[in-house]
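Just so we're on the same page: letters track the sequence lines, and every chain starts at 1.
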Number of protein chains: 2
Amino acid sequence: MVIDMNLSIESPLKRPDAPSIPQPSLRRLPQYHHYLVDLEAKGIGRVSCSTIGRDLNLVPIQVRKDLQYTGIIGKPKTGYSVTELILTIETFLGWNNVNEAFLVGAGNLGTALLGHERFSKFGLQIVAAFDSDPQKAGIWIHNKAVLPLDKLADLAQRMSIHLGIITAPAENAQTIADEMVKGGIQAIWNFAPVKLNVPAHIIVHNEDLYSSLASLSWKLARRFRVPIQEREAV
Amino acid sequence: MVIDMNLSIESPLKRPDAPSIPQPSLRRLPQYHHYLVDLEAKGIGRVSCSTIGRDLNLVPIQVRKDLQYTGIIGKPKTGYSVTELILTIETFLGWNNVNEAFLVGAGNLGTALLGHERFSKFGLQIVAAFDSDPQKAGIWIHNKAVLPLDKLADLAQRMSIHLGIITAPAENAQTIADEMVKGGIQAIWNFAPVKLNVPAHIIVHNEDLYSSLASLSWKLARRFRVPIQEREAV
DNA sequence: GTAGATTCAGTATATGGTTATCGATATGAA
DNA sequence: TTCATATCGATAACCATATACTGAATCTAC
Ligand SMILES: NC(=O)c1ccc[n+]([C@@H]2O[C@H](COP(=O)([O-])OP(=O)(O)OC[C@H]3O[C@@H](n4cnc5c(N)ncnc54)[C@H](O)[C@@H]3O)[C@@H](O)[C@H]2O)c1
Ligand SMILES: NC(=O)c1ccc[n+]([C@@H]2O[C@H](COP(=O)([O-])OP(=O)(O)OC[C@H]3O[C@@H](n4cnc5c(N)ncnc54)[C@H](O)[C@@H]3O)[C@@H](O)[C@H]2O)c1
């Protein structure tokens, strides 16, 4: 199983396919992309790592390193073509090709994701939702059909869906993952805070908001608990 | 500004307060917590790093390292007391104290967060929402009042709110952050995919779903693009 | 056209986090 | 009690990533 929990919980037991780009760099690319799209909208044609670094609070060298992984080549003194750079990043990330996805768990979070049209700009197309709640099966949310869960495996197979999104309660996530695997889904974006047991070839990407919350609340707690001078010294 | 973008975009220009615990370890703690709560519910009283590692797909040594940061002390041969460990993690993360928060942007994502009661288990209490849309100001979402944005600064000050959550469109995020700072808010959980400019002492934690999506779609793209043998070799 | 400044690419070093090793200690069986 | 085993805590080695350095390329200004 290719686990990647927010960069931090990649299974150290086995690393079958070490990435050709560091995870941190990979995760910075969308930042650059967003920034570059802004630049392009402003009519700016070329940009250097120094400029990007200044605007995004990163050291220029790191920016250059990150961009190098995408294969872009820049010109000394002038930097990179903004348009070319955007395209290179999009190609590198596979944002030019559409990934059709099924979402399971049409609750609070699921509804939010279903309603997020911008995902389509980044190659993500949620084509249908599934829910075990009979009240929800049959309704439409943000123009997407909500179907009963037992239809998933068959449909995924017939529609060649490769990506599954889990936004159901943690206790049901494993069952849902099993169903997805049965349907031939290759990758799972898991918003439930549990470790999924899936076959080795399945890509699992855990999106754990509690991890973030932990980081945030720790910092906040430290701020109000620890005296200033001690905080600086740590 | 203490920037932490998903572990990966911490500003390298200045590191005023290096953490006494590595970010990855910090982000793993909620995992352990979740797992331990399960164990406790099953009536299991003691647990070792080996067991945790086996169940969570981590090497035991890493588990031990992570737990050591919290200050817990275990007993050789038997491991740690589950209850004590849970309490230690909660205390370490500040989950015992309540963080009251304001949320700005009562749209898709904002509504999902407002409806997530489990946050209260982890010390996060969203007490009110704000929205610039006059249609939304005045209504209630998940039992939380939605107020006009211009009330934020004053209310934050009077209620001593220290945490702000931004779930508004990217283009308005900066304005909202400014307003939060004006209201004396100390930390911002930012779901909009932009870099915020705030004073140095403000903690900013960016939650960038697009980063995750990038990581996921890159892996997926690579899987379908790159031949197997090449993939293994990288 | 040349000097100087800037930035790129490639290589090297430093840092921080992960993994391994070692001795110490608690438990349970002989 | 004594021995075998599992696990802890601390220290050390290792690896991935971040940062620094070097030389070449390009532009601007004179
Ligand atoms: N909402 C948030 O802000 C938030 C924050 C952090 C984490 N999460 C996580 O996201 C997940 C979903 O959260 P939510 O707030 O949307 O919950 P929710 O209760 O609003 O929605 C869950 C949905 O999943 C459906 N469901 C339950 N079991 C199912 C099954 N076996 N198959 C298909 N559908 C099933 C339910 O009918 C419901 O519609 C949870 O795991 C939660 O921990 C949510
Ligand atoms: N919904 C998702 O699944 C998702 C996924 C990834 C990222 N995001 C990000 O989260 C943010 C919100 O997304 P969303 O889907 O909830 O958008 P949304 O359009 O549904 O909601 C945005 C809300 O913010 C309000 N708003 C706009 N300007 C405001 C201002 N100046 N002050 C206060 N409120 C204001 C709007 O009235 C609206 O209610 C965006 O930045 C988006 O990029 C959302």
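Side-chain N/O atoms of S217(B) and N99(A) include no donor and acceptor closer than 3.5 Å. Under the 3.5 Å distance criterion, with hydrogens and angles disregarded, a donor-acceptor pair is assigned to the side chains of T83(B) and E40(B). Side chains of T51(A) and S48(A): a donor-acceptor N/O pair is present below 3.5 angstrom, by distance only.
Proximity of Y80(A) to the phosphate of dT26(D): no side-chain N or O atom is located under 4.0 Å from OP1 or OP2. Distances shown here put every side-chain N or O of R27(A) at or beyond 4.0 Å from the OP1 or OP2 atom of dT17(D).
Rounded to a whole Å, the CG atom of L58(B) is 10 Å from the P atom of dT18(C). Atom CD in Q23(B) sits about 12 Å away from atom C1' in dG17(C), given to the nearest Å. Look at NZ on K77(B): it is 13 Å from P on dA4(D), rounded to the nearest Å. Regarding I73(B), its CD1 atom lies at a distance of 15 Å from the C1' atom of dA24(C), rounded to whole Å. Atoms CG (L67(B)) and P (dA10(D)) sit 13 Å apart, rounded to a whole Å. Taking atom CD1 of I61(B) as the reference point, atom P of dC14(D) lies 14 Å away to the nearest angstrom. Straight-line distance from the CD1 atom of I21(B) to the P atom of dG17(C): 10 Å, rounded to whole Å. In this structure, R64(A) atom CZ and dC21(D) atom P are separated by 14 Å, rounded to whole Å.
Nearest nucleotide to the side chain of S25(A), out of dG17(C), dT19(D), dA18(D): dA18(D). The nucleotide whose nearest atom lies closest to any side-chain atom of P22(A) is, among dA9(C), dT17(D), dA25(D), dT17(D).
Annotation: H33(A) is not in aromatic contact with Y210(B) [ring centroid separation under 6.0 Å not met].
One cannot find a donor-acceptor pair under 3.5 Å joining the base of dT27(C) and the side-chain atoms of K75(B).
Within a 6.0 Å sphere centred on CD of E117(A), heavy atoms belonging to other residues, nucleotides or ligands number 12 at most.
Residue whose closest nucleotide on DNA chain D sits further toward the 5' end, between K65(B) and S48(B): S48(B).
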